[in-house]
Asker: 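Right, I'll just put the structure down here and ask away after.
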Amino acid sequence: MNIDLYFTPLQIQDELALQNKTVIVVDVLRASTTIATALKNGARVIIPTASVENAVKYASTLEPDSFLLCGERGGKIIDGFHLGNSPFEYTEEKVKGKTLIYASTNGSVAITKTKYAKHSIVAGFVNISEVVRFVKENSNDILILCSGKLNRFCIEDAVCGGMIAFLLTNGKSRKRLNMSDSVVASVKLYKSYRKNLLKMLKESEHGRFLIGLGFEDDLRVASEVDSIQIIPVYSDGVIKALR
Ligand code: MLT
């Protein structure tokens with residue numbers, strides 16, 4: 001098994017080179033958490049877009065009652081959109097049966113960059129074991145893609161990426177597997193934070209930013225390991241729950 005990890009989507013030089021890889025996209029705060037929550041609560045599909053303009057353009061092709069425009073800029077709901085990016089907004093009452101057109105600053109952009117991948121899967125702490133189980137059964141060449149923040153490193157995505165690698169390899173040493181240095185470093189980070197993931201989120205740059213906006217409860221939801229049994233798969237431009 002080969003495992004590599006990119007700390008930001010900027011490291012993708014050639015999207016076509018992902019063709020033979022399984023890519024696991026990680027945006028713990030908050031895209032991965034919110035996407036898993038929306039699918040758990042019955043969203044039909046989620047269409048990630050790389051910009052707000054693309055989201056609005058896409059919406060204009062759909063029946064008015066069939067979709068919700070979702071996402072954030074600067075952590076806040078976008079003007080004229082139906083939902084922001086807090087998982088608490090994605091209730092069954094709001095999202096069941098709907099197409100969600102989703103534009104977040106980093107997560108949805110990272111996901112759209114994986115369109116040529118053999119498999120593209122969205123993971124956070126909330127659905128980590130489900131994703132690892134699927135990937136173990138279906139893949140040999142794995143890239144963990146951290147969404148980061150505006151093409152910069154985010155500790156919460158690296159820790160989650162490290163946990164994914166740790167679980168994929170059952171904690172075995174690097175000698176027996178092909179792990180990149182970024183994977184080895186992320187596994188070490190995970191090991192040093194695993195006792196208190198919520199504390200790590202609260203101390204992170206983006207965590208502190210979200211707390212400042214009044215979203216502290218979102219961090220608690222994002223830290224809940226295996227609370228959601230969903231594998232969100234991105235294929236043909238849409239994210240669906242694997243059945
Ligand atoms: C993103 O995709 O940039 C994040 O999910 C931002 C956020 O916390 O809303």
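Order of appearance sets the numbers: ligands from 1, and atoms from 1 within every ligand.
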Asker: If I apply the N/O under 3.5 Å rule, does Ala31 come out as touching ligand 1?
Answerer: yes
Asker: Identify the closest protein heavy atom to atom 8 (O) of ligand 1: which residue and atom is it, and at what distance?
Answerer: His206 NE2, 2.7 Å
Asker: Out of Asn106, Leu29, Ile77, Val28, indicate the one that has the non-hydrogen atom closest to atom 3 (O) of ligand 1.
Answerer: Asn106
Asker: If we only count N/O pairs under 3.5 Å, is Gly107 in contact with ligand 1?
Answerer: yes
Asker: Just by modelled atom types, is the Gly148 backbone N or O under 3.5 Å from a matching donor or acceptor in the Thr8 side chain?
Answerer: no
Asker: Keeping the roles fixed (side chain from Tyr90, backbone from Gly84), state whether a donor-acceptor pair exists under 3.5 Å.
Answerer: yes
Asker: So among Ser227, Pro87, Ser223, which one has a side-chain contact (heavy atoms from CB on, under 4.5 Å) with Thr33?
Answerer: Pro87
Asker: For the pair Glu15 (side chain) and Ile12 (backbone), establish whether a donor and an acceptor sit closer than 3.5 Å, ignoring hydrogens and angles.
Answerer: no
Asker: Return yes if a side-chain donor-acceptor contact under 3.5 Å exists between Ser147 and Asp157, otherwise no.
Answerer: no
Asker: Does NZ or CZ of Arg194 lie under 6.0 Å from the centre of the six-membered ring of Phe166, at an angle within 45° of the ring axis?
Answerer: yes
Asker: So which of Thr105, Leu83, Thr34, Val52 actually passes side-chain contact (heavy atoms from CB on, under 4.5 Å) with Glu72?
Answerer: Thr105
Asker: Considering non-hydrogen atoms of the protein only, which is the closest contact for atom 6 (C) of ligand 1, and what is the distance?
Answerer: Glu72 OE2, 3.4 Å
Asker: Side chain, backbone, both or neither: which part of Thr34 comes within less than 4.0 Å of ligand 1 when only heavy atoms are counted?
Answerer: neither
Asker: Can you tell which part of Asp27 has a heavy atom less than 4.0 Å from ligand 1: side chain, backbone, both or neither?
Answerer: side chain
Asker: Using a strict 4.0 Å cut-off to heavy atoms of Thr105, name the atoms of ligand 1 that fall inside it.
Answerer: 1 (C), 2 (O), 3 (O)
Asker: Suppose I only count heavy atoms of Leu210 and a 4.0 Å limit; which atoms of ligand 1 are within that range?
Answerer: 8 (O)
Asker: Which part of Asn85 is near ligand 1, with near meaning a heavy atom under 4.0 Å away: side chain, backbone, both or neither?
Answerer: side chain
